[in-house]
Participant: 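Please find one structure pasted underneath; my questions will follow.
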Amino acid sequence: MSNVYESTHPLVAHKITRLRDISTLSKKFRELVREISALMAYEATADLLVAPREVETPMAKTTGYELKEPIGLVPILRAGLGMVEGVWGLMPSAEVWHIGLYRDERTLKPVSYYNKLPIAPTVSVCLILDPMLATGGSAVATVDILKKWGVNKIKFVGILAAPEGITALQEAHPDVPIHIATIDDHLNDIGYIVPGLGDAGDRQFGTG
Ligand code: PRP
Ligand code: URA
């Protein structure tokens, strides 16, 4: 699969296993989502552009680098919210733009309920944050929104994906790299990832 990057990092594998565990409660679950998200963002941002910047150390002047392009973090509500803190900690100057979508339980199609993007884009790179790529409908709809907004450098950063979701996102938006901690086996007949971790929103927010 081109443009799909599945993590091979041992720390990610270890934390994913604890995240999946049915006995992991909300507080620990949120901690793990935050930590895995930071590790995934580190991997996903390896090709960000930098510009040279002069810096004066206590010893001498030298040339360092700073991030060149304004970055937007785009969590898909609700479950993507838990990924923000870990990623934002690495790039505190990023803007955070929330997109509210939920899956209709019957059709599994995304339904939009929140979007406050201003008319003109304020960032040039967007990282979409959502732990779950299941049918891919929510991710495809979010990329549609961001491209319409005028942003063309977009990456999807997630935790678990079903092969069906990867295929759907790649077919709709082959230019969007998918950075995912683990690709699971399949979707079940109600659209849940198997083996998965259950409902990522409910497990983070204690609403299951
Ligand atoms: C979950 C998840 C994704 C979506 C993935 O959200 O966080 O946004 O499902 O499914 P898809 O790939 O089939 O679109 P959900 O609709 O359960 O809403 P929530 O985060 O508010 O619980
Ligand atoms: N959303 C979730 O939270 N879990 C799944 O397995 C699929 C979609």
Side-chain angles (χ1 to χ4, degrees), residues 1-16 18-19 30-77 79-99 115-131 133 139 142-143 145-161 166 169-170 173-183 204:
M1 276 175 291
S2 63
N3 235 1
V4 180
Y5 305 91
E6 185 179 14
S7 179
T8 55
H9 201 295
L11 280 176
V12 173
H14 176 90
K15 289 174 190 295
I16 290 281
R18 298 191 67 190
L19 191 72
R30 289 195 297 276
E31 258 173 55
L32 289 164
V33 167
R34 191 184 67 230
E35 292 166 0
I36 295 166
S37 303
L39 292 166
M40 293 307 301
Y42 178 77
E43 294 185 3
T45 51
D47 63 352
L48 286 183
L49 300 179
V50 289
R53 179 169 100 76
E54 295 304 306
V55 61
E56 188 168 352
T57 81
M59 311 301 291
K61 282 189 179 167
T62 186
T63 305
Y65 298 94
E66 63 186 3
L67 292 173
K68 192 172 176 183
E69 300 177 291
I71 301 169
L73 306 182
V74 184
I76 304 180
L77 305 179
L81 268 184
M83 296 182 67
V84 172
E85 199 186 318
V87 181
W88 215 2
L90 300 178
M91 48 195 99
S93 61
E95 298 178 11
V96 179
W97 292 102
H98 302 84
I99 294 293
N115 174 354
K116 292 278 185 192
L117 293 173
I119 290 168
T122 56
V123 294
S124 40
V125 182
C126 280
L127 304 183
I128 297 176
L129 307 179
D130 192 331
L133 184 62
T142 304
V143 177
I145 291 168
L146 295 177
K147 284 188 174 172
K148 204 167 152 201
W149 192 34
V151 176
N152 288 308
K153 284 192 191 172
I154 301 170
K155 293 164 185 264
F156 180 88
V157 183
I159 297 181
L160 292 189
I166 299 236
L169 182 51
Q170 284 219 291
H173 296 291
D175 56 307
V176 173
I178 301 174
H179 292 268
I180 199 82
T182 301
I183 302 173
Q204 286 182 75

Participant: Could you grab the distance from atom OG1 of Thr122 to atom CD of Glu95, nearest 0.5 Å is fine?
Facilitator: 3.5 Å
Participant: State, with a plain yes or no, whether a side-chain heavy atom of Glu6 is found less than 4.5 Å away from one of Ile166.
Facilitator: no
Participant: Could you give the distance from OH (Tyr65) to CG (Leu48), rounded to the nearest 0.5 Å?
Facilitator: 15.0 Å
Participant: Evaluate Leu67 against Val50 for side chain to side chain contact (heavy atoms under 4.5 Å, CB included), listing each step before the verdict.
Facilitator: CA-CA 4 Å; Leu67 292 173; Val50 289; 4.3 Å; yes
Participant: Please find the pair of heavy atoms, one from Ile180 and one from Met40, that lie closest to each other, and give the distance.
Facilitator: C-CE, 3.3 Å
Participant: Within the 4.5 Å heavy-atom criterion, are Ile99 and Leu117 side-chain neighbours or not?
Facilitator: yes
Participant: Is the shortest heavy-atom distance from the side chain of Ile183 to the side chain of Val4 under 4.5 Å?
Facilitator: yes
Participant: Using every non-hydrogen atom in the two residues, find where Asn3 and Pro174 come nearest and quote the distance to one decimal.
Facilitator: ND2-O, 2.9 Å
Participant: Determine the minimum heavy-atom distance between Trp97 and Pro75, stating which atoms define it.
Facilitator: O-CD, 3.4 Å
Participant: Would you say Glu69's side chain and Val125's backbone share a donor-acceptor pair under 3.5 angstrom?
Facilitator: no
Participant: Begin from the C-alpha positions of Leu81 and Gln204 and carry the test side chain to side chain contact (heavy atoms under 4.5 Å, CB included) through to its verdict.
Facilitator: CA-CA 9 Å; Leu81 268 184; Gln204 286 182 75; 5.7 Å; no
Participant: Calculate, to the nearest 0.5 Å, the distance between atoms OG1 and NZ belonging to Thr63 and Lys61 respectively.
Facilitator: 10.5 Å
Participant: Mind checking the CD-CD spacing from Glu35 to Glu85? Nearest 0.5 Å is all I need.
Facilitator: 10.5 Å
Participant: How long is the span from the CG atom in Leu39 to the NE2 atom in His179, to the nearest 0.5 Å?
Facilitator: 14.0 Å
Participant: Indicate yes or no: at least one non-hydrogen side-chain atom of Leu129 is less than 4.5 angstrom from one of Val87.
Facilitator: yes
Participant: Begin from the C-alpha positions of His173 and Ile154 and carry the test side chain to side chain contact (heavy atoms under 4.5 Å, CB included) through to its verdict.
Facilitator: CA-CA 10 Å; His173 296 291; Ile154 301 170; over 6 Å; no
Participant: Measure the CD-OG1 distance between Glu43 and Thr8 for me, rounded to the nearest 0.5 Å.
Facilitator: 6.5 Å
Participant: Considering non-hydrogen atoms only, spot the tightest contact between Ser124 and Val151 and give its length.
Facilitator: O-CG1, 3.7 Å
Participant: Over all heavy atoms of both residues, which pair between Met83 and Gly158 is shortest? Give the atoms and the distance, please.
Facilitator: CE-CA, 4.2 Å
Participant: Could you report the tightest heavy-atom contact between Ala94 and Trp88, atom names first, then the distance?
Facilitator: O-NE1, 2.9 Å
Participant: Could you walk me through whether Thr45 and Lys155 pass the side chain to side chain contact (heavy atoms under 4.5 Å, CB included) test, one step at a time?
Facilitator: CA-CA 9 Å; Thr45 51; Lys155 293 164 185 264; 5.9 Å; no
